[in-house]
Amino acid sequence: MIERFSLTVDMSEIVERFGIKKVVVGHTNRFNVAPTQNVSIIMNDRHDTRVLQESRWGLFPFWAKDSVNADSAALPDKPFLHRMMKRQRCVIPCSGFYGQKMFGKEREPRAMHTVLPGHTVLGIAGMYDCWRHSSGKEVRAFTMLTAATSGSMSVWQPRLPIVLDEEGVEDWLNPKLTEFGKLRKHMEAPESYLLRSYPVTNAVHDEWYEAPDCIREIAIPDFA
């Protein structure tokens, strides 16, 4: 499960990379995003305009299996996921994501930060739900789509977020595409050999810890 990610690029780069037409609420310079926190997602508004909007990470109820991560293969089989897949898709801007791995004589797993070299911002496939609070305020929450990992990385990180390429972003945010079959080709995890994972401070396990050293590589004897 992916339960932490980072977003460390400037807002201007996010806007340019994803062709955003309007920034409603923009969050960046986040080193340790955790479930239940508010971040920015890219979505279409009611006029099908591509906007950067605020959303909570984690669907309601929060304890549900698909709240934080949803298995992309399950979209056709679960009615509530299939409903969101049709008209409530979003892209989550992300610089890297966290996992954990055992090293040598360390007693506890070591936090790992995974990035795609050459890419400062990634577009992760997601879906959101939306409703009105009793106060009248519109509330939004999203889940991140994942798929099974392939290659050597699967030993310690069994699932990865779905990273969309440029075509994938355009298709995923295209309101005219509503059939799973036309989106299926984008629902695969990136190949392990394309990614780089490196050890970082275990302080990222604390959801309230937010500092630049979250993404700073540290020296581990058994890490090459």
Side-chain angles (χ1 to χ4, degrees), residues 1-3 5 7 14-28 30 33 35-62 64-95 97 116 119 121-132 138-148 159-190:
M1 179 177 284
I2 305 299
E3 295 184 304
F5 70 91
L7 178 61
I14 297 173
V15 170
E16 181 178 358
R17 164 68 178 83
F18 297 104
I20 295 165
K21 302 302 182 185
K22 181 180 180 182
V23 176
V24 181
V25 180
H27 294 272
T28 187
R30 293 296 312 276
V33 179
T36 75
Q37 296 178 359
N38 287 334
V39 294
S40 293
I41 62 171
I42 303 154
M43 55 175 281
N44 296 313
D45 66 10
R46 58 196 176 105
H47 304 294
D48 286 337
T49 299
R50 189 174 300 184
V51 301
L52 193 67
Q53 181 61 276
E54 186 175 62
S55 182
R56 172 189 187 270
W57 187 12
L59 300 173
F60 291 98
F62 179 67
K65 180 181 178 182
D66 305 291
S67 173
V68 175
N69 294 167
D71 182 355
S72 60
L75 296 189
D77 304 321
K78 294 188 175 182
F80 77 101
L81 291 179
H82 193 255
R83 170 180 60 82
M84 287 189 288
M85 185 273 298
K86 282 190 167 185
R87 285 289 298 175
Q88 292 164 258
R89 302 190 300 269
C90 65
V91 172
I92 304 129
C94 160
S95 296
F97 51 90
L116 182 59
H119 296 74
V121 61
L122 310 175
I124 307 298
M127 301 186 303
Y128 69 93
D129 208 355
C130 190
W131 62 95
R132 288 206 173 272
E138 192 173 67
V139 180
R140 219 170 277 99
F142 74 90
T143 186
M144 181 183 290
L145 292 186
T146 64
R159 300 194 68 79
L160 289 172
I162 293 176
V163 178
L164 300 168
D165 59 15
E166 288 190 27
E167 180 189 3
V169 168
E170 293 307 312
D171 283 354
W172 195 250
L173 293 177
N174 184 347
K176 296 179 180 178
L177 294 180
T178 60
E179 297 178 21
F180 177 76
K182 293 183 178 180
L183 296 166
R184 186 198 301 270
K185 64 180 179 179
H186 302 299
M187 297 187 193
E188 294 184 1

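Keep in mind that the numbers below use all heavy atoms, side chains included, and drop hydrogens, waters and symmetry copies.
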With heavy-atom distances below 4.5 Å as the criterion, would you say the side chains of [X] and [Y] are in contact?
X	Y	result
Lys22	His47	no
Val39	Glu54	no
Leu75	Leu145	yes
Met187	Trp172	yes
Asp171	Lys182	no
Phe5	Ile124	no
Ile14	Leu7	yes
Met43	Phe142	no

Original post:
Only one of Leu164, Asp165, Val163 clears side-chain contact (heavy atoms from CB on, under 4.5 Å) with Leu122; which?
Top reply: Val163
Subject >> side-chain contact (heavy atoms from CB on, under 4.5 Å) partner of Arg140, chosen from Asn38, Ile41, Asp129 >> reply: Ile41
Original post:
For Met144 and Val68, what are the C-alpha separation, side-chain angles and deciding distance, and is it a side chain to side chain contact (heavy atoms under 4.5 Å, CB included)?
Top reply: CA-CA 6 Å; Met144 181 183 290; Val68 175; over 6 Å; no
Subject >> Pairwise distance OG(Ser55) to CD1(Ile42) - rounded to 0.5 angstrom >> reply: 12.0 Å
Original post:
How many angstroms lie between CG in Leu59 and CG in Asn69, if you round to the nearest 0.5 Å?
Top reply: 10.5 Å
Closest non-hydrogen atom pair, [X] against [Y]:
X	Y	value
Trp57	Val33	CZ3-O, 3.6 Å
Arg87	Asp48	NH2-OD1, 3.6 Å
Thr143	Ala70	OG1-N, 3.4 Å
Ala147	Ser72	CB-OG, 4.0 Å

**OP:** For side chain to side chain contact (heavy atoms under 4.5 Å, CB included), just list the numbers for Arg17 and Glu166, CA-CA rounded to whole Å, side-chain angles, deciding distance to a tenth of an Å, and then say yes or no.
**Re:** CA-CA 9 Å; Arg17 164 68 178 83; Glu166 288 190 27; 4.3 Å; yes
Subject >> Qualifying salt bridge (charged side-chain N to carboxylate O under 4.0 Å, His left out) pairs with a residue from residues 68-77, counting only residues at least two apart or across chains >> reply: Asp71-Arg159
